[in-house]
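A short write-up of the structure that comes next.
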Number of protein chains: 2
Amino acid sequence: MTDVSRPAISPGASPLFLREDEIRRGIELLYFGYTRLTNAIDQELAKQSLGRAHHRALYFIARQPDLTVGELLKLLAITKQSLGRVLKELQEQDFILTSPGVVDRRQKLLRLTEKGAELESELFRQLRQKLSSAYVSAGQESVTGFWHVLEGLIPENDRKMVFDLRGDNG
Amino acid sequence: MTDVSRPAISPGASPLFLREDEIRRGIELLYFGYTRLTNAIDQELAKQSLGRAHHRALYFIARQPDLTVGELLKLLAITKQSLGRVLKELQEQDFILTSPGVVDRRQKLLRLTEKGAELESELFRQLRQKLSSAYVSAGQESVTGFWHVLEGLIPENDRKMVFDLRGDNG
DNA sequence: AAGATACGTCAACATGACTGACGTATCTCG
DNA sequence: CGAGATACGTCAGTCATGTTGACGTATCTT
């Protein structure tokens with residue numbers, strides 16, 4: 001609330017061309033924050049001989065039961081061959097099960113087994129621990145800001161897909 | 001502002017055990033936001049036959065010229081063998097150069113060549129474009145919140161290392 | 001002079017991604 | 001009904017990036 005329309009962050013910079021330091025700070029915090037959060041569950045995954053790829057699939061299946069393979073492919077943005085391997089391993093170890101689509105029998109619906117739900121739940125517990133503590137120490141206003149900036153990083157075309165994850169369940 | 005110590009986000013939830021949805025939202029936005037930002041430079045890197053690992057090294061060397069190999073190892077948290085390959089390739093393609101340490105000649109100081117600086121600068125330009133637009137659409141208050149939450153994700157032991165990147169240079 | 005440290009390097013391997021090609025079941029639509 | 005599109009699976013080969021373990025050399029510290 002000092003001057004006029006120009007934000008206080010960058011004396012003399014255009015709003016579309018922010019000061020280099022603020023951008024670098026964002027890049028660095030995003031890198032370290034993201035990697036440290038994901039590191040938090042590596043040990044637990046290793047116990048089950050699983051990797052991060054398995055967790056991502058597990059996560060989205062937990063988030064949206066009866067997800068189709070095609071929908072999961074869009075979320076993960078990898079090739080079907082890569083995903084195929086991951087799903088095969090998850091199924092072999094009894095973490096997920098599949099059923100033919102109801103309206104379209106070409107589709108394969110993905111769902112967690114009880115064992116899968118337990119694992120996802122434990123992994124989530126560990127992530128929540130880290131993220132909760134960051135939320136609390138930053139305060140609620142910071143949390144909404146955190147969300148808004150990250151939303152702005154997601155291209156228009158992908159936003160619906162991401163927002164559609166919410167409200168379904170869990 | 002409103003009530004007492006309990007944040008308004010979660011009626012009935014303990015501050016250390018936030019509502020599941022808020023945590024899942026954070027996990028998802030962090031995942032999509034981070035991957036979409038890093039995707040932004042993949043094409044440019046591919047033009048030079050480089051990958052993300054090369055960019056991370058390039059980035060930190062740009063950020064802190066005359067960084068030692070040991071310091072870079074701590075920042076990247078990978079093995080010296082992995083980093084060795086990356087640095088070798090960057091050097092072969094004339095993106096970086098090294099010099100023996102001044103105070104300690106066992107050390108190797110890393111620095112960008114002019115070619116390296118140009119590449120880093122172009123990559124940074126593309127990251128800035130994405131991140132600036134997210135900052136602007138979220139607003140300055142959101143940006144500081146974004147920073148605070150991410151700082152909270154970085155373990156105590158690593159914070160000094162991250163914060164020390166700031167202020168050295170542009 | 002001995003030991004610690006900073007860095008390099010050889011070798012083998014794991015993970016998770018990729019491309020390209022091809023196969024089958026099922027749905028849609030003229 | 002039949003042709004073509006779609007959803008999914010799979011074989012085969014490759015690449016990028018990480019890992020462990022072992023060992024070598026120059027330099028610093030004490």
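Sequence lines set the chain letters: A, B, ... in the order given, protein chains first and strands last, and positions in each chain run from 1. These numbers come from a predicted model, not from an experiment.
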Going by the rule salt bridge (Lys or Arg N to Asp or Glu O under 4.0 Å), which residues pair with A:Arg56 if we only count those two or more places apart in sequence or in a different chain? none

Per the side chain to side chain contact (heavy atoms under 4.5 Å, CB included) rule, which among B:Glu118, B:Glu120, B:Lys115, B:His54 passes with B:Phe95? B:Lys115

Suppose we screen for salt bridge (Lys or Arg N to Asp or Glu O under 4.0 Å). Which residues come up paired with A:Arg111, at least two apart in sequence or across chains? A:Asp66

Can you measure A:Arg105 atom CZ to C:dT28 atom P for me and round it to whole angstrom units? 12 Å

In whole angstrom, what separates B:Leu109's CG from D:dT27's P? 14 Å

B:Leu87 CG to D:dA16 P: how many Å, rounded? 17 Å

Value in whole Å for how far the P atom of C:dA17 lies from NZ of A:Lys88: 16 Å

Set of side-chain hydrogen bond (donor to acceptor under 3.5 Å, both in side chains) partners for A:Gln126, sequence neighbours left out: A:Glu44, A:Glu122

In whole angstroms, the gap separating P of D:dT10 from CD of A:Glu89 amounts to 13 Å

Once side-chain hydrogen bond (donor to acceptor under 3.5 Å, both in side chains) is applied, do any residues pair with A:Ser99, and if so which ones, sequence neighbours excluded? none

Any residue meeting side-chain hydrogen bond (donor to acceptor under 3.5 Å, both in side chains) with A:Ser82, in chain and number order, not counting sequence neighbours: A:Thr79

Qualifying residues under salt bridge (Lys or Arg N to Asp or Glu O under 4.0 Å), relative to A:Glu92, sequence neighbours excluded: none

Over 12 non-hydrogen atoms of neighbours within 6.0 angstrom of NZ in A:Lys88: no

Linking Ile, Leu, Val, Met, Phe, Trp and Tyr by side-chain heavy atoms under 4.5 Å, what else ends up with B:Leu109? B:Val102

Residues in contact with DNA chain C, drawn from residues 34-56 of chain A - heavy-atom cutoff 4.0 Å: A:Gly51, A:Arg52, A:Ala53, A:His54, A:Arg56

So which protein N/O to nucleotides 3-5 of chain C N/O distances come out below 3.5 Å?
residue, atom, partner, partner atom, Å
C:dT5, O2, B:Arg106, NH1, 2.6

Which pairs count as salt bridge (charged side-chain N to carboxylate O under 4.0 Å, His left out) when at least one residue sits in residues 74-87 of chain A, sequence neighbours excluded? none

Nearest-angstrom distance from the residue atom CD of A:Glu92 to C1' of D:dT10: 14 Å

Tell me every residue that passes salt bridge (Lys or Arg N to Asp or Glu O under 4.0 Å) with B:Glu89, counting only those two or more places apart in sequence or in another chain. none

Atom CG of B:Asp104 to atom C1' of D:dT27: distance rounded to whole Å? 7 Å

Among residues 67-85 of chain B, which residues get a heavy atom nearer than 4.0 Å to DNA chain C? B:Thr68, B:Val69, B:Gly70, B:Lys80, B:Gln81

